[in-house]
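Everything on this sheet refers to the single structure shown next.
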Amino acid sequence: MSTVKETVEVEVPLHTAYNQWTQFEEFPRFMEGVEEVRQLDDRHNHWTTKIGGVRREFDTEIVDQLPDERITWRTTSGDTQQRGSVRFQRVDDTHTRVELVMDVEPSGVAEKAADMTGVIDRRIKGDMRRFKDYVEQRGGETGGWRGRIKPGPS
């Protein structure tokens with residue numbers, strides 16, 4: 001399993017950065033290779049990706065969510081194995097630090113090669129830069145979910 005960590009500072013208030021990240025169905029607008037994210041309920045999302053010509057579908061579960069602080073998830077089914085956490089830290093009234101840490105288990109030959117050559121790392125870092133551009137250019141969030149999900153037994 002490979003771990004990728006990337007931090008960006010976005011020029012929006014904490015609540016704006018957090019609220020925008022909770023709009024999972026907007027992820028294809030800034031995440032390369034993500035074709036669709038469907039939010040199934042407060043905890044679950046269904047993802048469709050196409051990376052290097054390989055289409056994958058998988059489900060994720062949010063296992064911990066604290067507004068304006070963090071969102072932690074893991075895959076529950078499908079072709080992809082990953083888990084991760086995104087944390088939000090107020091820098092000042094108009095700047096927020098967003099840190100993403102992901103553990104990804106490449107599943108196929110193409111994914112393993114992409115991992116070995118650093119493609120997965122570069123893609124995730126690029127996604128974070130595109131999130132920064134996306135949220136800053138909008139000047140505000142497209143919505144927000146302020147609910148809390150507490151960690152519990154899996």
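If you read the sequence from its start, that first residue is 1, and numbering goes on from there.
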Give, for atom [atom1] of [X] and atom [atom2] of [Y], the distance between the pair rounded to the nearest 0.5 Å.
X   : Y    : atom1 : atom2 : result
Q65 : D42  : CD    : CG    : 8.5 Å
F88 : L66  : CZ    : CG    : 11.0 Å
T7  : K132 : OG1   : NZ    : 12.5 Å
R87 : Y18  : CZ    : OH    : 12.0 Å
D64 : R74  : CG    : CZ    : 12.5 Å
R56 : T48  : CZ    : OG1   : 12.5 Å

With [X] via salt bridge (charged side-chain N to carboxylate O under 4.0 Å, His left out) - residues at least two apart:
X    : result
E57  : none
D93  : R90
R129 : none
E36  : R38

>> Just to verify, what does F27 make a ring pair (Phe, Tyr, Trp, His ring centres under 6.0 Å) with, not counting sequence neighbours?
In response: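 Partners of F27 by the ring pair (Phe, Tyr, Trp, His ring centres under 6.0 Å) criterion, ordered by chain and then number, come out as W21, F24, F30, W47.
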> Are any side-chain N or O atoms of T96 and backbone N or O atoms of L14, one a donor and one an acceptor, separated by less than 3.5 Å?
Replying inline: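 Yes; judged by distance alone, with no hydrogens or angles, the pair exists.
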> Is the side chain of R43 donor-acceptor paired with the backbone N or O of I62 at a distance under 3.5 Å, no angle test?
Replying inline: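 Present.
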Using the test side chain to side chain donor-acceptor pair (under 3.5 Å), find all partners of [X] that sit at least two apart in sequence or belong to another chain.
X    : value
D68  : R146
T49  : none
D127 : R130

> Charged N to carboxylate O under 4.0 angstrom, E35 versus K50?
Replying inline: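 The answer is no: the pair does not qualify as a salt bridge.
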Pairing residues for [X] by the side-chain contact (heavy atoms from CB on, under 4.5 Å) criterion, not counting sequence neighbours:
X   : result
T75 : F58, T60, Q81, Q82
H95 : E9, E11, V91, D92
Q89 : R97
S77 : D59

> So which heavy atom on V12 is nearest to which on V135, and how close?
Replying inline: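 Minimum heavy-atom contact is CG1-O, 3.8 Å.
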> What is the minimum heavy-atom distance between E26 and Y134, and which atoms define it?
Replying inline: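 Heavy atoms only, the tightest pair is OE1-OH, 2.6 Å.
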>> Are M102 and W73 packed together at the side-chain level, in the sense that at least one heavy-atom pair is separated by less than 4.5 angstrom?
In response: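 Of all side-chain heavy-atom pairs linking W73 with M102, at least one is under 4.5 Å.
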> Do V34 and P28 have side chains that get closer than 4.5 Å, going by heavy atoms?
Replying inline: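 Of all side-chain heavy-atom pairs linking P28 with V34, at least one is under 4.5 Å.
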> Are V101 and I149 connected in a single hydrophobic cluster, I mean Ile/Leu/Val/Met/Phe/Trp/Tyr linked by side-chain heavy atoms less than 4.5 Å apart?
Replying inline: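 They do not share one cluster, since no chain of ILVMFWY contacts under 4.5 Å joins I149 to V101.
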> Among E136, M128, Q20, which one satisfies side chain to side chain contact (heavy atoms under 4.5 Å, CB included) with V10?
Replying inline: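 When side chain to side chain contact (heavy atoms under 4.5 Å, CB included) is applied between V10 and each of E136, M128, Q20, only E136 qualifies.
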> Do other residues, nucleotides or ligands put more than 12 heavy atoms under 6.0 Å from the CZ atom of R29?
Replying inline: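 Atom CZ in R29 is not crowded, with 12 or fewer foreign heavy atoms closer than 6.0 Å.
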